[in-house]
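Data block below; observations after.
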There are 2 protein chains.
Amino acid sequence: MNKNTKVTFDAVEIIHRRYFKGRPERLKALEEARADDDVARKIFELRTKAGLTQAQLGKLIGTTASVISRLESADYEGHSLAMLRRIGAALNQRVEIKFVPIRRSA
Amino acid sequence: MNKNTKVTFDAVEIIHRRYFKGRPERLKALEEARADDDVARKIFELRTKAGLTQAQLGKLIGTTASVISRLESADYEGHSLAMLRRIGAALNQRVEIKFVPIRRSA
DNA sequence: CAGTCTATTCGCAATTTTGCGATAACGCAA
DNA sequence: TTGCGTTATCGCAAAATTGCGAATAGACTG
């Protein structure tokens, strides 16, 4: 039960320890992302789960860290499908688009 | 069993008769759309099922028919999330984005 | 404390999407 | 055939997104 001596093999576990361990506010944000549809949070979650920094992901898709940061900003609404696909391609993910009917209240 | 005397109450049925009845090539395209991920076809399917022309949908979201036609073009790749949401909002649909892992071959 | 790594924000140029009219083309019906 | 409704394509201006460096800030470590 040591604190920092256990060897980790999984990138997900590594990134989890680096970003979320002992930071309840980050964990909470991640939970909300699972229920929410926010694209910015989906990108953030995808990137961090892959164990990448914004600069690293930026390089993978041929852009810079500031661009990734902007895409992950909560109040950014200017996402394009092309950009989502670039990110998905870099992280081996397919972008799925779905129109789902809105239940007219109750 | 008359051909055109049955009264229809559902917009979906109306549009189905107007666009797909007796046109196997259109029907086939629609079937493929259900299995495919093509966004253009999803927009087309959504619009026709709502019983709208391109001009009508355009007006609903504050643009013209040529814009809708472009969005429904098979080789158009420039979709933005904002535009998809505008269309969805007009047709009471929520746009759902999902990153789904790609299985690395077999 | 300084030093490093990461993320955020600010400008502005470059690229892309959107807006929109005009025109052509297609299918269908009289 | 003509006419009508609908869709497709072209061209260019307007608006939005992207590219990218620089500066700032925060967290962590030595």
Side-chain angles (χ1 to χ4, degrees), chain A residues 3-4 14-27 29-30 39-41 43-90 97, chain B residues 3-4 14-27 29-30 39-41 43-87 89-90 95 97:
Chain A
K3 203 160 60 174
N4 278 323
I14 292 174
I15 200 64
H16 180 270
R17 281 170 48 176
R18 193 188 300 171
Y19 283 97
F20 302 107
K21 205 167 188 180
R23 299 188 214 177
E25 78 286 357
R26 290 230 197 198
L27 252 182
L30 186 56
V39 182
R41 292 205 190 123
I43 297 176
F44 170 81
E45 189 179 355
L46 199 60
R47 174 179 63 83
T48 51
K49 278 190 173 174
L52 299 175
T53 67
Q54 293 178 339
Q56 288 173 326
L57 176 56
K59 189 168 188 180
L60 276 181
I61 67 170
T63 186
T64 60
S66 63
V67 173
I68 304 298
S69 177
R70 180 168 49 199
L71 293 175
E72 292 180 355
S73 172
D75 53 343
Y76 181 75
E77 296 290 344
H79 304 271
S80 73
L81 233 51
M83 181 59 90
L84 295 185
R85 292 205 178 102
R86 282 165 66 188
I87 294 176
I97 305 296
Chain B
K3 201 161 62 172
N4 276 323
I14 292 173
I15 200 62
H16 180 271
R17 280 171 46 176
R18 193 187 302 169
Y19 283 97
F20 302 107
K21 204 167 189 181
R23 298 187 215 181
E25 77 287 356
R26 289 229 198 200
L27 252 182
L30 186 57
V39 182
R41 293 206 188 122
I43 296 175
F44 169 80
E45 188 179 355
L46 199 59
R47 174 178 64 82
T48 51
K49 278 192 173 173
L52 299 175
T53 67
Q54 293 178 341
Q56 288 173 327
L57 176 57
K59 189 168 187 180
L60 276 180
I61 67 171
T63 186
T64 60
S66 64
V67 172
I68 305 297
S69 176
R70 181 168 48 200
L71 293 175
E72 292 179 355
S73 172
D75 53 341
Y76 181 73
E77 295 291 343
H79 305 271
S80 73
L81 235 49
M83 180 59 90
L84 295 184
R85 291 204 177 101
R86 283 166 67 189
I87 295 176
V95 177
I97 305 295

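A, B, ... follow the sequence lines: proteins, then strands. Residue 1 opens every chain.
For B:Asp75 and D:dC10, the CG to C1' distance is 14 Å, given to the nearest whole Å. Regarding B:Lys59, its NZ atom lies at a distance of 15 Å from the C1' atom of C:dC20, rounded to whole Å. Separating the CD atom of A:Gln54 from the P atom of C:dT6 is a distance of 10 Å, rounded to the nearest angstrom. Separating the CG atom of B:Leu71 from the P atom of D:dA8 is a distance of 11 Å, rounded to the nearest angstrom. Between B:Glu72 atom CD and D:dT6 atom C1' the separation is 11 Å, expressed in whole Å. One can place CG of B:Leu57 at 14 Å from C1' of D:dT6, the figure rounded to the nearest angstrom. When rounded to the nearest whole Å, the span between CG of A:Leu52 and C1' of C:dC5 equals 15 Å. Rounded to whole angstrom, the span from the CG atom of A:Leu81 across to the P atom of D:dT18 amounts to 11 Å.
Atom-to-atom distance recorded for B:Ile61:CD1 and B:Leu71:CG is 7.0 Å, nearest 0.5 angstrom. Separation of atoms CG (A:Leu81) and CG (B:Leu81) is listed at 6.5 Å; rounding is to 0.5 Å. Rounding to the nearest 0.5 angstrom, the gap separating the CD atom in A:Glu45 from the CD1 atom in A:Ile43 is 11.5 Å.
One finds a side-chain N or O of B:Tyr76 lying less than 4.0 angstrom from the OP1 or OP2 phosphate oxygen of C:dT18.
In the helix from C:dC1-D:dG30 to C:dA30-D:dT1, the terminal helix axes, each the rotation mapping four pairs' C1' atoms onto the next four within five end pairs, subtend 30°, rounded to 10°.
A distance-only check finds a donor-acceptor pair linking the side chain of B:Thr48 to the backbone of B:Phe44 [under 3.5 Å].
Across all their heavy atoms, A:Ser73 and A:Ala40 have their closest contact at O-CB, 3.4 Å.
For residues 56-81 of chain B, every residue pair satisfying the salt bridge (Lys or Arg N to Asp or Glu O under 4.0 Å) rule, not counting sequence neighbours, is listed here: A:Arg85-B:Glu77, B:Arg47-B:Glu72. Residue pairs satisfying the ring-ring contact (aromatic ring centres under 6.0 Å, His included) criterion with at least one member in residues 49-80 of chain B, sequence neighbours excluded, are listed as follows: B:Tyr76-B:His79.
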Does the protein touch nucleotides 19-25 of chain D at the base, only the backbone, or not at all? Give it as B, S and - per nucleotide, heavy atoms under 4.0 Å. BBB----
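Checking C:dT8, C:dT18, D:dT17 against the side-chain heavy atoms of B:Ser80 singles out C:dT18 as nearest.
Applying the side chain to side chain contact (heavy atoms under 4.5 Å, CB included) criterion to A:Ser80, with sequence neighbours excluded, gives A:Ala82, A:Met83. A search for side chain to side chain contact (heavy atoms under 4.5 Å, CB included) contacts involving B:Ala89 returns nothing, not counting sequence neighbours.
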